Amino acid sequence: MNPILINTGRSTSGWSFWGPAFSCDFLWFLINVQGKQFIGADPLTQGSMGHTILAHYYARLGCEQGGFEYEGENISDPNYFLPPEEGLRAWVDEAEKEGTEAAHFIANTLEVFRRYRQREPYVSDRVEGVEMQIKMTVGRNHKGDFGLWLDKNLAEPELLDCPGLEEPTAGVPALQHGKPIVVTKRFDLVMTHSQDRRTYIWDHKVTGGSVSKTRAQQYAMDGQFAVNRIAGRQLYGSNFGGVVLNLVQRREPYAVSRQHVPATPWRDQQFARQVYTKAHSLAQQLVMFAEGRTGPGDWELTRSELACYHRYGKCGAFEICQYGPE
């Protein structure tokens, strides 16, 4: 068979779906219901290209180390995956066909990758998974504990209770009356450390910004890292080491910084209930909006300069909130 291109795209009910609602319901509405995109196209494209070349590098490395499970199969032949540079170009070809201008970022991404390899010519840690897909469901495990559970631990899912949403809403597949409340995720990379023998979930961030030591602290409260921690504990038990932020700079000096993301045990314990409550709140608002009882201005808007003007600059919806959707 021909070598494959690894899918590094967003997952259907991942944190890119849930996350905006935990900062601003109106932002969630604009992104998921009205289909607006506020992340700058160029940074998003460059990040995706960086993820793709790293995914192919680590996938082939994992095969050279003896193989790993990929989408339910044990793969040990490096040629099952495209070489990193070819994977990058294949991703660009697909993106360009869909109207995304990406070819002019190839040279920079290749340079980022070259510098990355220079900093770590030999990898002693073992690859356990690349772009590893997981699904977690809000509900109760076999002991009756409420939480967010992998399928193997789930005994009884909590179903969304919102009459009026019997049919899925376009752009919002995760919210449907009588269906489980699901959070999906792709782990960029799963590695077993060569010294402590513990397993860590890595999250790549290919960035044009800072790779300072404070970045891991900033991500500690982020929901996507909560999902990583919750799933990691269920997958690997006491052998789970935590989450590693793999910061890769795409400009001079092309620095690489690997930082352990601090644990937030109390916050993680509340996560499933927070998702359950938020899902019902969003669903009820969707029904009222669909029935014409509410308009865009009825979705709750955050009113904090820290959310509306954050470390990356102003929110993409800033002018919409300033002057209105029209």
Side-chain angles (χ1 to χ4, degrees), residues 5-39 41 44 47-48 51 71-72 94-95 98-100 131-140 146-154 156-188 222-228 230-231 271-296 298-300 316-317 325:
L5 171 64
I6 297 173
N7 182 2
T8 59
R10 60 179 280 179
S11 51
T12 54
S13 347
W15 203 245
S16 55
F17 171 79
W18 291 106
F22 282 89
S23 59
C24 177
D25 282 2
F26 183 59
L27 179 63
W28 182 90
F29 164 77
L30 291 173
I31 294 171
N32 292 288
V33 180
Q34 296 202 328
K36 296 186 182 297
Q37 179 178 298
F38 295 115
I39 300 175
L44 187 63
S48 297
H51 272 76
E71 295 190 348
E94 289 194 2
E98 294 174 0
T100 299
E131 292 299 323
M132 179 176 167
Q133 297 186 67
I134 60 109
K135 174 174 73 74
M136 307 194 79
T137 304
V138 176
R140 298 186 182 277
F146 184 88
L148 192 65
W149 303 106
L150 295 170
D151 284 349
K152 67 176 184 177
N153 297 327
L154 180 69
E156 182 183 359
E158 291 282 349
L159 306 181
L160 185 72
D161 182 13
C162 188
L165 270 187
E166 284 76 15
E167 297 298 325
T169 303
V172 193
L175 298 177
Q176 189 175 351
H177 175 65
K179 299 293 185 180
I181 300 167
V182 171
V183 178
T184 55
K185 187 75 168 68
R186 289 182 190 272
F187 299 150
D188 294 339
D222 193 298
Q224 64 178 310
F225 289 91
V227 176
N228 289 354
I230 294 167
F271 188 79
R273 292 196 179 279
Q274 295 281 313
V275 171
Y276 178 84
T277 301
K278 181 59 71 173
H280 282 84
S281 171
L282 294 172
Q284 289 162 8
Q285 292 181 80
L286 271 177
V287 170
M288 290 189 291
F289 180 76
E291 293 175 347
R293 289 188 283 153
T294 60
D298 291 295
W299 292 79
E300 183 179 355

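Keep in mind that what you see is a predicted model, and the values were worked out from it rather than measured.
The shortest distance between side-chain heavy atoms of Ile230 and Met136 falls below 4.5 Å. A 4.5 Å side-chain heavy-atom check between Thr8 and Glu131 finds at least one atom pair inside the cut-off. Side-chain contact check for Arg140 versus Glu158: some heavy-atom pair is nearer than 4.5 Å. Side chains of Val183 and Leu148 form a contact here, defined as non-hydrogen atoms less than 4.5 Å apart. Contact annotation: the side chain of Ile31 never approaches that of Phe17 to less than 4.5 Å [non-hydrogen atoms, C-beta and beyond]. At least one side-chain heavy atom of Arg186 sits under 4.5 Å from a side-chain heavy atom of Asn7. Residues Leu165 and Lys179 form no side-chain contact, since every pair of their non-hydrogen atoms from C-beta on lies 4.5 Å or further apart.
No option in Val227, Thr184, Asn228 other than Val227 meets the side chain to side chain contact (heavy atoms under 4.5 Å, CB included) test with Ile134. Checking each of Thr294, Leu175, Asn32 against Leu286 for a side chain to side chain contact (heavy atoms under 4.5 Å, CB included) leaves exactly one that passes, namely Leu175.
In this structure, Trp28 contributes its side chain and Trp18 its backbone to no donor-acceptor pair below 3.5 Å. Panel note: side chain Gln176, backbone Glu166; a donor-acceptor pair is recorded below 3.5 Å. Side-chain N or O atoms of His177 include none that pairs as donor or acceptor with a backbone N or O of Gly164 at under 3.5 Å. With Ser23 contributing its side chain and Pro20 its backbone, the two residues share a donor-acceptor pair below 3.5 Å.
Rounding to the nearest 0.5 Å gives a distance of 12.0 Å between NZ of Lys36 and CG of Leu27. Within the model, atoms OG of Ser16 and NZ of Lys185 stand 9.5 Å from one another, a figure rounded to the nearest 0.5 Å.
Considering all non-hydrogen atoms of both residues, Phe187 and Ala231 come closest at CZ-CB, 3.7 Å. The two residues Phe22 and Lys278 make their nearest non-hydrogen contact at CZ-CB, 3.7 Å. The nearest pair of heavy atoms linking Gly178 to Leu159 is O-CD1, 3.6 Å. Nearest heavy-atom pair across Asp25 and Gln285 is OD2-NE2, 3.1 Å. Here the closest heavy-atom approach between residue Thr137 and residue Pro180 is recorded as CG2-CB, 3.8 Å. The two atoms that bring Gly139 and Leu154 nearest to each other are CA-CD1, 4.2 Å, heavy atoms only.
Applying the ring-ring contact (aromatic ring centres under 6.0 Å, His included) rule to Phe146 yields no partners; only residues at least two apart in sequence or on another chain are considered.
By the 30° and 60° cut-offs, the orientation of the rings of Phe29 relative to Phe289 is perpendicular.
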